[in-house]
Amino acid sequence: MTDNISITPLFTEEIIADRTQQLANEIAHTYPKDLLVVALLRGSFMFAADLLRALHRAGAHPQVDFMTASSYGTGKESSGQLTIYRDLTENVHGRNVLIVDDILETGRTLSYAHAEILNRGANMLHICVLLEKPGKCITGIKADFVGFEVPDQFVVGYGLDHANYWRELPFIGVLPQ
Ligand code: IMP
Ligand code: MG
């Protein structure tokens, strides 16, 4: 349960908002007119919502779609198996796609989603993650846009969860052991 635990912010709302706008500005410069943002649920929902509004402010006019995939179950360690619970609605063939996720750790989730979307015929394909844990990636997948690097600790908030709790925090903090 989450009673009586206080989480100290690692990245505040203000810091996240500033960095998100910087990322959106970079993304808006990278993409030609057509852009389909694919948010990987559930962890990226808050970041994706803010990134989309930041993209609007940066002059972009993206479409958005969602995919729910997980390699974690309810634990803190990746299970090594990835399941798609909800697939895309849009056809990505010939589209310029930006995959958005909350955090790149082992890279299993993202390498699977990347291969799948490429396999479906996406034209341009980039990855944007809010957080990255350096040195933990085992799949060779790289993110093109990274918000922040985080230490090798379990972080929650701003969409990131532990057992589906803490997603509602407006900031990101380290979950006490
Ligand atoms: P990967 O497949 O190991 O790269 O893990 C990616 C997914 O694991 C993310 O989308 C998160 O849902 C989850 N995850 C990895 N590290 C953390 C963490 O520190 N806090 C919360 N979720 C995490
Ligand atoms: Mg998660």
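One-based numbering, in listed order, for ligands and for the atoms of each.
- Heavy-atom proximity to Asp101, at under 4.0 Å, picks out these atoms of ligand 1: 10 (O).
- In summary, the atoms of ligand 1 found under 4.0 Å from a heavy atom of Gln153, numbered by their order in the structure, are 19 (O).
- The heavy-atom pair separating Ile172 from Gly157 by the smallest distance is CG1-O, 3.9 Å.
- Counting heavy atoms closer than 4.0 Å to ligand 1, residue Thr109 contributes atoms from both its backbone and its side chain.
- Evaluated by nearest non-hydrogen atom to atom 19 (O) of ligand 1, the leading choice among His162, Arg108, Lys133 is Lys133.
- Per-residue contacts place Asp161 under 4.0 angstrom from the following atoms of ligand 1 (heavy atoms of the residue considered): 21 (C), 22 (N).
- Two residues are said to be in side-chain contact when any heavy atoms from C-beta on lie closer than 4.5 Å; Phe148 and Leu10 fail this criterion.
- Checked against ring pair (Phe, Tyr, Trp, His ring centres under 6.0 Å), Tyr31 has the following partners two or more places apart in sequence or in another chain: His126.
- Near Val155, meaning under 4.0 Å from any of its heavy atoms, are these atoms of ligand 1: 18 (C), 19 (O), 20 (N), 21 (C).
- Within a 6.0 Å radius of NZ in Lys142, no more than 12 heavy atoms belonging to other residues, nucleotides or ligands are found.
- Using a distance-only test at 3.5 Å, with no hydrogens or angles considered, a donor-acceptor pair links the side chain of Arg19 to the main chain of Val146.
- At least one N/O-N/O distance between Gly107 and ligand 1 falls below 3.5 Å.
- In the hydrophobic cluster analysis, where Ile, Leu, Val, Met, Phe, Trp and Tyr join through side-chain heavy atoms closer than 4.5 angstrom, Phe154 is grouped apart from Ile138.
- With ligand atoms numbered from 1 in the order given, ligand 1 contributes 1 (P), 2 (O), 3 (O), 4 (O) to contacts under 4.0 Å with heavy atoms of Thr106.
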